[in-house]
Number of protein chains: 2
Amino acid sequence: MAIKHSSQSGMTIADVARLAGVAPITVSRVLNQPAQVKPATLEKVRRVIEETGFVRNQIAGALASNRSRLVAVIVPMLTNPIFSDTFQAIAEKLAAADYQVLLGTSGYQAQHEQELLEVILSRRPDGIILTGTLHTEDSRKRLRATRVPVVETWDISPDPIDMLIGFSHEDTGRAIALHLLAKNYRHFALLSVDDPRGSLRAKSFIHTLSASGINDVQQHYFSGLPTLQQGREGLSALLASTPRPLMVVCTSDTIAHGVLTEAASRGIKVPEEIAVFGFGDMNFAAHTFPPLSTVKIDGKQIGQLAASALLDRLKGDDSAAIYRDIGFTIIDRDSTFNG
Amino acid sequence: MAIKHSSQSGMTIADVARLAGVAPITVSRVLNQPAQVKPATLEKVRRVIEETGFVRNQIAGALASNRSRLVAVIVPMLTNPIFSDTFQAIAEKLAAADYQVLLGTSGYQAQHEQELLEVILSRRPDGIILTGTLHTEDSRKRLRATRVPVVETWDISPDPIDMLIGFSHEDTGRAIALHLLAKNYRHFALLSVDDPRGSLRAKSFIHTLSASGINDVQQHYFSGLPTLQQGREGLSALLASTPRPLMVVCTSDTIAHGVLTEAASRGIKVPEEIAVFGFGDMNFAAHTFPPLSTVKIDGKQIGQLAASALLDRLKGDDSAAIYRDIGFTIIDRDSTFNG
DNA sequence: ATGAAAGCGCTAACAT
DNA sequence: ATGTTAGCGCTTTCAT
């Protein structure tokens, strides 16, 4: 018997069935519920699959079963490394459970996210993982109307769409302010990114200082992704105008790293002359010169929990609605004075 | 007439057609070839879609048309920022052309990539973008057998699977060696990542020095992704054992940045006492202290060209097979001596 | 443990 | 410009 050798995938489950002398549904079972197939049959079918290089068509499978095994993930910007750990963790965990990731980037724009969502929903994903909680009203309505499980990440909100894994950026900003006030710092400057969550941290930080009677905080806001350059330029600008000693708080470790770099290049001693505080505890933070005091956010954990929550739901585990504040940890290193 | 208000997507094209008083195929045309539909009909159908919140089912569409509008992208590791620009560019360009990205991470393992490929092919992507040219024999065979357009990126190879956009890592390693020899550097050290492409650059670098009679190159290889920490530890180790002046060549800007950081922390002058050379020209390279001499790789361009090549092919533009060496640029900054 | 029939929601390939 | 018909390749459901 001449077996058709081709991975051309003109081949279907029916072709495999014919060659193996079984019905198409049996091939389907071999692929999806091998436990229900007699070992001999299993082997017979698998050999045909092996020999022909047959590759199943999951599109047809998804249509027939109404389950796509696709999870859509929307990230603001792939070039912002703050989300990399989260994204990587999500992709790994889903892949291990035989789900694939459909990727979208929103560019930090809720309107763009909304358009993306329309495209994404047309793919009938089994779940959706979003970054942040700032969506258009239309997006929320649409997502709530579909019965697709949704996980929002990296923020918390009083009325999540569905599940949520994040932390409070307001709490973070306040905690940083209180922490540094307790260290007796009084002359502050703020270098902030202008993305929604960074701005939230910045605002809360400023507000908390204000409540302690500190209103002379020099503030610089940078648009676009945080860079080393912004930190260097930020410190340069501050040095021209602000009295030392100075505590420079940054809403991104990357900017803080730039501040440290500028300080080193000028021979300014950190933390003696200028102190620096970051955000994120990115992988370089413990190894800057001097090591950077910052707030640790466990991005990998966010990703793992988000993926797990989704997978549990997809397994039919409709237990208590998931709403999880993973918090944050202030880490004192040598870029601030530790009395 | 009572219109069924629901985004529940129990709604189909047939429901929309009934409500609009047209045939299903007309709704399909409104969605896919609106130019072929009379304006009045167009508006009628669009109003029903708007009012009902109907979301098309692209799974069914893909099955019927045999085009998924999905492009699979395989990246070694999302947490390695060297690929971020490429990945972001790909995602943006494809999204603009109404293609979605199906993401996979290979973890730098060809075997894992092969398994991923099987899953991916079952989704019937219209195209595949791969990182690197090191694939298992099985992967190559499978990809060649399917008629799916493939673009390999970030490397070149004598026999690409299909299209290719990259540069030669061997040429890069050699060029760095020759460039630094021409600057009269003679005492070299190498800090390298151990990923396939990094190793290729390292090997070629060492080999070129050897051809010039330099065989006493201190070499350290780091596993895992490049980090600042590796650079700091690398320099510390070198200082214990190697004579100065010293030219430290790194196969990653991140490691080089760590070397600069360690030097700054010890008060070692760069480039007077120690010179440093990196790879990638990542966004921080021009802003380290001192600014880092390195090799610029235009990752964004790789992504744009890869996506364009694929889109052209998908448009039926079967012009000359694409094989493009985008090259690299050596950038002299202040971490090396520029006589 | 395996099979037969029906259909998932859409679009290609013809009509008209 | 619009409609009719016949699938796409699989899985569901109900038999046997």
Value in whole Å for how far the [atom2] atom of [N] lies from [atom1] of [X]:
X        : N       : atom1 : atom2 : result
Ile49(B) : dC10(C) : CD1   : C1'   : 14 Å
Ile13(B) : dC8(D)  : CD1   : C1'   : 15 Å
Asn66(B) : dC10(C) : CG    : C1'   : 13 Å
Asn32(B) : dC10(C) : CG    : P     : 10 Å
Gln36(B) : dA1(D)  : CD    : P     : 8 Å
Arg67(A) : dT11(D) : CZ    : C1'   : 11 Å
Leu63(A) : dC10(D) : CG    : P     : 12 Å
Ile25(B) : dG9(C)  : CD1   : C1'   : 12 Å

Nearest of [options] to any side-chain atom of [X]?
X        : options                  : answer
Phe54(A) : dG9(D), dT11(C), dC10(D) : dC10(D)
Val37(A) : dT2(C), dT11(C), dG9(C)  : dT2(C)
Asn57(B) : dT11(D), dC10(C), dA1(C) : dC10(C)
Arg56(A) : dG3(D), dT11(D), dT12(D) : dT11(D)

In terms of the nearest nucleotide of DNA chain D, which residue is placed more toward the 5' end: Pro24(B) or Ala62(A)?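 Taking each residue's closest nucleotide, the earlier one in sequence belongs to Pro24(B).
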Option among Arg144(B), Arg147(B), Arg313(B) that satisfies the side chain to side chain donor-acceptor pair (under 3.5 Å) test with Asp162(B):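 Exactly one candidate clears the test, Arg313(B).
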Option from Glu118(B), Glu115(B), Glu137(B) for which salt bridge (Lys or Arg N to Asp or Glu O under 4.0 Å) with Arg142(B) holds: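 Testing each of Glu118(B), Glu115(B), Glu137(B) against Arg142(B), the sole residue satisfying salt bridge (Lys or Arg N to Asp or Glu O under 4.0 Å) is Glu118(B).
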About how many Å separate CG of Leu130(B) and OG of Ser139(B), when rounded to the nearest 0.5 Å?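 These two atoms lie 8.0 Å from each other.
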SB check Lys141(A) Asp138(A) (cutoff 4.0 Å):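 Here Lys141(A) does not pair with Asp138(A) in a salt bridge, since their nearest N and O are not under 4.0 Å apart.
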CZ/Arg324(B): more than 12 non-hydrogen atoms of other groups inside 6.0 Å: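 Open.
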Can you tell me if the side-chain N/O atoms of [X] get under 4.0 Å from OP1 or OP2 in [N]?
X        : N       : answer
Thr41(B) : dT2(D)  : yes
Thr12(B) : dC8(C)  : no
Thr26(B) : dT2(D)  : no
Ser28(B) : dC10(C) : no

Heavy atoms only, 4.0 Å cut-off, all strands: where does Ala23(A) land among base, sugar-phosphate and nothing?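 Ala23(A): backbone/sugar contact only, no base atoms under 4.0 Å.
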Tell me if the side-chain of Arg29(A) makes a donor-acceptor pair with the base of dG3(C), cut-off 3.5 Å, by modelled atom types.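 Indeed, a donor on one side and an acceptor on the other fall under 3.5 Å apart.
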